[in-house]
Amino acid sequence: MTKKSDFTQIIREGYTSKGDSILLGAAMLDGEVIPEAQVKIPLKTLNRHGLIAGATGTGKTKTIQVLSEQLSSFGIPVLMMDIKGDFSGIAAAGEEKPFITERHKKINVPYSVSNFPVELMTLSQQNGIRLRATVSEFGPVLFSRILELNDTQAGVVSVIFKYCDDNKMPLLDLKDIKKVINYITEEGKDEIETNYGKISTSTTGTILRKIIELEQQGADLFFGETSFDINDLMRFDENGKGYVNIIRLTDIQDKPKLFSTFMLSLLAEIYQQMPEKGDADQPELVLFIDEAHLIFNEASDTLLDQIETIVKLIRSKGIGIYFITQNPMDVPSGVLAQLGLKIQHALRAFTANDRKAINLTADNYPTSEFYKTDELITELGIGEALVTALNEKGIPTPLAATMLRAPQSRMDILTDTEISEINAKSKLVRKYNETIDRESAYEMLTKKIDAAYEQATQAEETEAKETKSSEPSTASVVGKSVLKVVTSASFIRGAFSILSKILRK
């Protein structure tokens with residue numbers, strides 16, 4: 001057999017599945033596309049997570065678009081963290097162009113245009129569905145990890161949550177927990193010491209500063225009601241297509257703390273609420289996390305451990321997580337080891353550090369008799385990538401340099417008018433965009449403090465009145481003084497009269 005026929009046979013055997021699969025494109029050998037060697041990813045393995053990596057401008061966003069379109073077509077909802085704001089075009093049908101037609105002829109895949117159902121979401125005040133969560137929903141452990149507290153400080157946070165639970169005070173937003181912290185170190189200090197133990201003001205001061213730091217990154221907009229129900233991510237349109245939920249994050253690129261806070265809370269919420277799925281034929285939901293380094297670069301070791309743990313466990317709930325980044329080395333090794341699908345676009349070698357990163361990247365892929373992986377990574381064109389996945393038995397597939405199919409939807413962003421039209425039709429916008437500020441810890445403690453102050457004021461006024469009524473009046477005092485004077489004068493006159501009589505005798 002020739003090298004080409006050997007290669008074709010290996011790829012076909014490696015990427016053939018009994019169940020449904022996603023078609024990425026066709027494999028290439030020595031720069032030539034082999035249309036018979038199609039690269040397909042079984043739906044069954046898409047909850048095993050993945051990585052899409054490559055330098056800027058190499059086609060990562062289009063690859064995510066292709067994956068999202070096919071997932072949606074199979075009735076699998078998608079959640080996309082859109083940091084750069086260039087993904088919204090999936091809501092509009094694409095346009096057939098000569099370079100797209102030529103590409104699809106090479107890979108022997110018919111091309112058609114289509115749009116897909118989209119919901120636009122936001123963590124800030126951009127147009128879209130407002131995503132929120134309450135402080136109580138985080139719980140003391142997760143909230144402490146987000147703030148990067150030590151054990152002592154985390155213990156105080158647990159006391160705060162316990163105190164609020166015992167007194168039926170909801171912790172909804174950041175002003176609630178800030179109010180509680182101020183209360184337990186001032187007006188309620190004695191109450192807390194009696195029932196929960198002594199708390200250091202230096203500890204509460206540190207916690208408060210950490211909360212303010214989080215608040216300054218915009219977390220005050222995220223914490224509150226109405227809390228987002230993760231079941232609203234798993235919706236379908238009238239044609240059975242899964243919704244592509246796009247979280248527009250263009251205004252929080254410089255707020256990594258807020259981004260990692262949201263991501264960790266979302267993953268934890270999904271893990272807690274979703275039932276075990278076991279070995280299902282397809283995932284329930286697939287998450288794409290763009291610019292994944294924003295999560296990992298600023299995360300503490302504790303936070304990284306939490307993310308790694310959730311990534312390991314959440315796949316049993318039928319959830320697939322895909323990290324998008326320029327360099328695979330941006331993803332911690334503990335997380336990287338959990339990723340089944342790897343799509344590597346081109347990397348550029350401009351410096352010694354670049355070359356070192358390329359060699360490390362190549363080591364993360366299966367060896368191949370057909371490729372020099374470290375060299376090929378730098379030679380890939382736009383819309384080409386190295387692919388390896390897991391087959392239905394969980395075995396890694398052969399490494400395949402792949403010419404990827406083109407998106408069916410628009411390869412550009414939506415206009416402001418189109419965004420407004422999508423939001424105007426959205427039921428979720430109407431459900432979540434009303435701000436609710438019901439009575440919670442802040443209002444309840446404010447009332448408690450005001451009531452205590454009013455009670456103390458009334459007590460002081462009553463005491464003052466009683467003191468005043470027990471004192472003699474001015475007239476009485478004057479009268480008594482006059483009486484004393486009169487009495488004294490009478491005594492003097494009487495004594496003088498008696499003395500005069502004695503002297504006359």
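Note that the structure is predicted; figures quoted are calculated from it, not measured.
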Inset, instruction - Classify the ring geometry between Phe143 and Phe161 as parallel (under 30°), tilted (30 to 60°) or perpendicular (over 60°). - result: tilted
Inset, instruction - Classify the angle between the aromatic ring planes of Phe228 and Tyr432 as parallel (below 30°), tilted (30 to 60°) or perpendicular (above 60°). - result: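 Because their plane-to-plane angle lies in the 30° to 60° range, the rings of Phe228 and Tyr432 count as tilted.
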Taking the side chain as everything from C-beta on, heavy atoms only, tell me whether [X] gets closer than 4.5 Å to [Y].
X: Phe323; Y: Leu336; result: no
X: Thr361; Y: Leu347; result: yes
X: Val78; Y: Ile76; result: no
X: Pro328; Y: Leu51; result: yes
X: Leu214; Y: Leu147; result: yes
X: Leu71; Y: Leu46; result: yes
X: Asp220; Y: Asp173; result: no
X: Leu380; Y: Leu386; result: yes

Could you check whether any side-chain N or O of [X] sits under 3.5 Å from a backbone N or O of [Y], counting only pairs where one atom can act as donor and the other as acceptor?
X: Lys44; Y: Glu392; answer: no
X: Thr446; Y: Tyr442; answer: yes
X: Asn47; Y: Ile319; answer: no
X: Ser316; Y: Glu276; answer: no
X: Thr388; Y: Thr397; answer: yes
X: Asn327; Y: Asp330; answer: no
X: Asp82; Y: Phe87; answer: yes
X: Arg248; Y: Met81; answer: no
X: Asn423; Y: Ile129; answer: no
X: Thr402; Y: Ala400; answer: yes

Using 0.5 Å steps for rounding, measure from the [atom1] atom of [X] to the [atom2] atom of [Y].
X: Ile90; Y: Ile413; atom1: CD1; atom2: CD1; result: 15.0 Å
X: Glu119; Y: Met121; atom1: CD; atom2: CE; result: 6.0 Å
X: Ile321; Y: Ile310; atom1: CD1; atom2: CD1; result: 8.0 Å
X: Glu284; Y: Ile270; atom1: CD; atom2: CD1; result: 11.5 Å
X: Thr201; Y: Ile184; atom1: OG1; atom2: CD1; result: 10.5 Å
X: Ile289; Y: Ile324; atom1: CD1; atom2: CD1; result: 7.5 Å

Tell me whether [X] is salt-bridged to [Y], with the criterion being a basic N under 4.0 Å from an acidic carboxylate O.
X: Arg348; Y: Asp354; result: no
X: Lys84; Y: Glu291; result: yes
X: Glu225; Y: Arg438; result: yes
X: Asp232; Y: Lys431; result: yes
X: Lys179; Y: Glu443; result: no
X: Lys175; Y: Asp437; result: yes
X: Lys312; Y: Glu308; result: yes
X: Lys241; Y: Glu69; result: no
X: Arg410; Y: Glu418; result: yes
X: Glu439; Y: Lys447; result: yes

Is it the case that [X] and [Y] place a side-chain donor and acceptor less than 3.5 Å from each other?
X: Gln153; Y: Ser144; value: no
X: Thr206; Y: Arg209; value: yes
X: Glu269; Y: Gln273; value: yes
X: Ser136; Y: Thr134; value: no

Near [X] [atom1], under 6.0 Å, is it more than 12 heavy atoms from other residues, nucleotides or ligands?
X: Asp151; atom1: CG; result: no
X: Asp166; atom1: CG; result: yes
X: Glu434; atom1: CD; result: no

Inset, instruction - Check the pair Asp176 / Val135 against side-chain contact (heavy atoms from CB on, under 4.5 Å), numbers first and verdict last. - result: CA-CA 9 Å; Asp176 284 330; Val135 174; over 6 Å; no
Legend entry - Chi angles and distances behind the side-chain contact (heavy atoms from CB on, under 4.5 Å) call for Asp281, Leu43: CA-CA 7 Å; Asp281 290 333; Leu43 289 184; over 6 Å; no
Inset, instruction - Taking the six-membered ring of Tyr196 (Phe, Tyr or Trp), confirm whether the NZ or CZ of Lys162 is under 6.0 Å from its centre and within 45° of its axis. - result: no
Inset, instruction - With Arg235 as the cation and Tyr243 as the aromatic partner, state whether NZ or CZ is under 6.0 Å from the six-membered ring centre and within 45° of the axis. - result: yes
Inset, instruction - Please step through salt bridge (Lys or Arg N to Asp or Glu O under 4.0 Å) for the pair Glu215 and Lys178, ending with a clear verdict. - result: CA-CA 11 Å; Glu215 196 173 38; Lys178 286 165 62 179; 3.0 Å; yes
